[in-house]
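Heads up: numbering here begins at 1 and tracks the sequence. A quick note: this is a predicted structure, and the numbers were derived from the prediction, not measured.
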Amino acid sequence: MSTSDQVRAILGGTIQAYRSDPAYAQRPDVHNELDRIGRRLNQPIRIALAGTLKAGKSTLVNALVGEDIAPTDATEATRIVTWFRHGPTPKVTANHRGGRRSNVPIGRDAVEGGLTFDFATLDPEDVVDLDVEWPAAELIDTTIIDTPGTSSLSRDVSQRTLRLLVPDDGVPRIDAVVFLLRTLNAADIALLTQIGELVGGSAGALGVIGVASRADEIGAGRIDAMLSAKDVAARFTSEMDKTGICQAVVPVSGLLALTARTLRQSEFVALEKLAGVDATELTRAMLSADRFVREDSSLPVDAATRAALLDRFGMFGIRISIAVLRAGVSDSVALADELLERSGLIALRDVIDQQFAQRSDLLKAHTALLSLRRFVENNPIYASRAIIADIDPLLADTHAFEELRLLSQLRSRPTTLNEDEMASLRRIIGGSGTDAASRLGLQPDAPYDGPRSAFAAAQRWRRRAEHPLNDPFTTRACRAAVRSAEALVAEYAARGR
């Protein structure tokens, strides 16, 4: 029985217990909350994008979805928690304090082309959050939550984010967090620690990854900006390794990623013209943003178009696009693919897939267990002790939970493993993907090696777990690797029946 099935069984028994209890039988609020916990198991995984003011969260939302659906300027919408879900047609709903809901008129900005919300009839202070439904394929399996900056000058705006990420009642609203960093300070680390404790329970974070955001600006828009950003991301990772807060920090230029996913043919044509300009002349024209958009420039692209390119690409994006075109790229599709790769978005999506998407059922089950435990504590009945006795072993002992906790803790806890052993351990417990080939380091087209490799891995880690010089944490990690390898052995055996 899978973890999700076990959670559903516990939830079913809990619902029956509350229906049978005279004190709660006629309490619709209690039954609605239990139903809500159950529905969450069948809904897409919820991933919140968080970070300080102007970290680039809304731009990254747009890049992940591939459309301009999240307003990025300083409008009222950026001060409100906004949920982006899949829907058959575009629709925006405002959830007001007190439970009232209202439709929000939407439209496309005449200049930028992005989504705009009409707040003319709304009081933003009365709006708890916004629900945006959009027919984007990327939202079918994932709900993305865009949050206001945690360092906003308005205390109420910052509190909106904190209430979502670290609610006072301790009941998780989200399953995982992508935390955007432009710097790494004590406030960021403190908030990440709080998030980790909530998302992962008292044993640590189950779903938190970091992003060195607006990475193109780290190198001041130079063509090697992403290399500088990788160095910064490595430093962030090193700092956070000491705390075990999150499992990866990825450098991403959200602006370049969004532009790559929405590249227009007219922009490609303009960039091609710029790529044909003498290198010395173009370098002089691009010494600064002001110089690049000057009206009296002799560049073969008019000033208005250059200004639009600067807004869409940034100086880094323009420079890298011209370099790619000069290297031989000859069509807009190839240019878009190259820019997307260089933006860091593909690497981020790979990490999200490995850490979140492949474990979505597990993360949702974990959130449901934490929510159900807190609900039972707050609404005690005769069966409370028995229900909690069913929940706690799952939270503490489920091997998949242990794998995720170890992936975080291995970054901050000393072990007696060497580098090769550490890399192998991370792989076997799912650090490179949860499928059998990824765990065993095999090519996907070589399944015949699987049973032998899984059996060898189980033996190897069993011996390593018994090493006399192991400290307790190393022994624990090796035993987890044994369980992961044994699960693969059983999986291959089941396939061969």
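Judged by distance alone, with hydrogens and angles left aside, the side-chain atoms of Thr14 form a donor-acceptor pair with the main-chain N or O of Ile10 at under 3.5 Å. Judged by distance alone, with hydrogens and angles left aside, the side-chain atoms of Thr434 form no donor-acceptor pair with the main-chain N or O of Gly430 at under 3.5 Å.
Heavy atoms only, all atoms of each residue included: Gly254 and Ala63 are closest at O-CB, 3.9 Å. Counting all heavy atoms, side chain and backbone alike, Ala457 lies closest to Leu440 at CB-CD2, 4.3 Å. Nearest heavy-atom pair, Ser384 versus Asn379, reported as atom, atom and distance to 0.1 Å: OG-O, 4.3 Å. Scanning all heavy atoms of the two residues, the minimum distance from Val482 to Trp461 falls at CG2-C, 3.4 Å. Pairing each heavy atom of Ala477 with each of Leu406, the nearest pair is CA-CD1, 4.0 Å. The heavy-atom pair separating Ala257 from Ser343 by the smallest distance is CB-OG, 3.4 Å.
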message = Run the side-chain contact (heavy atoms from CB on, under 4.5 Å) test on Asp350 and Val250 for me, step by step, so that the C-alpha distance in whole Å, both residues' side-chain angles and the decisive distance to 0.1 Å come before the verdict.
response = CA-CA 10 Å; Asp350 286 344; Val250 184; over 6 Å; no

ask   = Is there a side-chain contact (heavy atoms from CB on, under 4.5 Å) between Leu49 and Ile144 once you walk through the steps?
value = CA-CA 7 Å; Leu49 270 61; Ile144 300 176; 3.8 Å; yes

task = Mind running salt bridge (charged side-chain N to carboxylate O under 4.0 Å, His left out) on Glu402 and Arg476 for me, showing each step along the way?
result = CA-CA 10 Å; Glu402 174 71 349; Arg476 169 191 159 194; 2.6 Å; yes

request  = Applying side-chain contact (heavy atoms from CB on, under 4.5 Å), run through Val211 and Ile209 and close with a yes or a no.
outcome  = CA-CA 7 Å; Val211 169; Ile209 61 174; 5.6 Å; no

key: side-chain contact (heavy atoms from CB on, under 4.5 Å) between Leu34 and Leu372, intermediate numbers included   = CA-CA 8 Å; Leu34 288 171; Leu372 187 59; 3.7 Å; yes

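Checked for salt-bridge contact, Glu377 and Arg374 meet the test: a charged N lies under 4.0 Å from a carboxylate O. Between Glu486 and Arg462, at least one side-chain nitrogen of the basic residue sits less than 4.0 Å from a carboxylate oxygen of the acidic one, meeting the salt-bridge criterion.
Applying the side-chain hydrogen bond (donor to acceptor under 3.5 Å, both in side chains) test to Glu491 and every residue at least two apart in sequence or in another chain returns Arg495. Checked against salt bridge (charged side-chain N to carboxylate O under 4.0 Å, His left out), Asp390 has no partners two or more places apart in sequence or in another chain. Not counting sequence neighbours, the partners of Ser4 by the side-chain contact (heavy atoms from CB on, under 4.5 Å) test are Ser2, Arg8, Asp361, Ala365. Under the salt bridge (charged side-chain N to carboxylate O under 4.0 Å, His left out) criterion, Arg326 pairs with no residue, sequence neighbours left out. In this structure Arg342 satisfies the salt bridge (charged side-chain N to carboxylate O under 4.0 Å, His left out) test together with Glu338, sequence neighbours excluded. Applying the side-chain contact (heavy atoms from CB on, under 4.5 Å) criterion to Arg40, with sequence neighbours excluded, gives Arg36, Gln43, Arg46, Asp175, Lys364. Listed by chain and residue number, Glu138 satisfy the side-chain hydrogen bond (donor to acceptor under 3.5 Å, both in side chains) test with Arg261 (two or more places apart in sequence, or in another chain). By the side-chain hydrogen bond (donor to acceptor under 3.5 Å, both in side chains) test, Thr474 is found to be paired with Asp471, residues two or more places apart in sequence or in another chain being considered. Under the salt bridge (charged side-chain N to carboxylate O under 4.0 Å, His left out) criterion, Arg349 pairs with no residue at all, not counting sequence neighbours. For Ala50, the side-chain contact (heavy atoms from CB on, under 4.5 Å) partners two or more places apart in sequence, or in a different chain, are Thr147, Leu165, Val177, Phe179. Scanning for side-chain hydrogen bond (donor to acceptor under 3.5 Å, both in side chains) contacts around Arg464 gives Thr416, Glu421, Asn470, with sequence neighbours left out. Scored by the side-chain contact (heavy atoms from CB on, under 4.5 Å) test, Val329 finds Val324, Leu325, Ala334, Leu335 as partners (sequence neighbours excluded).
Taking OG1 from Thr82 and CD1 from Ile145, the interatomic distance works out to 10.5 Å, rounded to the nearest 0.5 Å. Distance check: Leu274 CG to Ser321 OG gives 10.0 Å after rounding to the nearest 0.5 Å. Leu255 CG to Ser213 OG: the interatomic distance, rounded to the nearest 0.5 Å, is 12.0 Å. One distance of note links CG of Leu340 with CG of Leu258; it measures 10.5 Å at 0.5 Å rounding. Atom CZ of Arg373 is separated from atom CD1 of Ile37 by 13.0 Å, given to the nearest 0.5 angstrom. To the nearest 0.5 angstrom, Ile391 atom CD1 is 12.0 Å from Gln6 atom CD.
Side-chain contact between Thr262 and Asn62: absent, with no pair of heavy atoms (C-beta onward) separated by less than 4.5 Å. The shortest side-chain heavy-atom distance between Leu310 and Met315 falls under the 4.5 Å cut-off. Contact check for Val376 versus Ile388: side-chain heavy atoms found under the 4.5 Å cut-off. Inter-residue side-chain proximity for Phe84 and Val65 is flagged as unmet; no heavy-atom pair is nearer than 4.5 Å. Side-chain contact between Phe268 and Val333: absent, with no pair of heavy atoms (C-beta onward) separated by less than 4.5 Å. Looking at heavy atoms from C-beta onward, Ile45 lies out of side-chain contact with Asp141 at the 4.5 angstrom threshold. Using a 4.5 Å heavy-atom threshold, the side chains of Trp83 and Leu164 count as touching. With contacts defined as side-chain heavy-atom distances shorter than 4.5 Å, the pair Ser484/His399 qualifies.
Side-chain contact check for Thr59 and Arg214: no donor-acceptor pair (N or O, by modelled atom type) lies under 3.5 Å.
Remark: Phe473 CZ is packed, more than 12 non-hydrogen atoms of other residues, nucleotides or ligands lying under 6.0 Å away.
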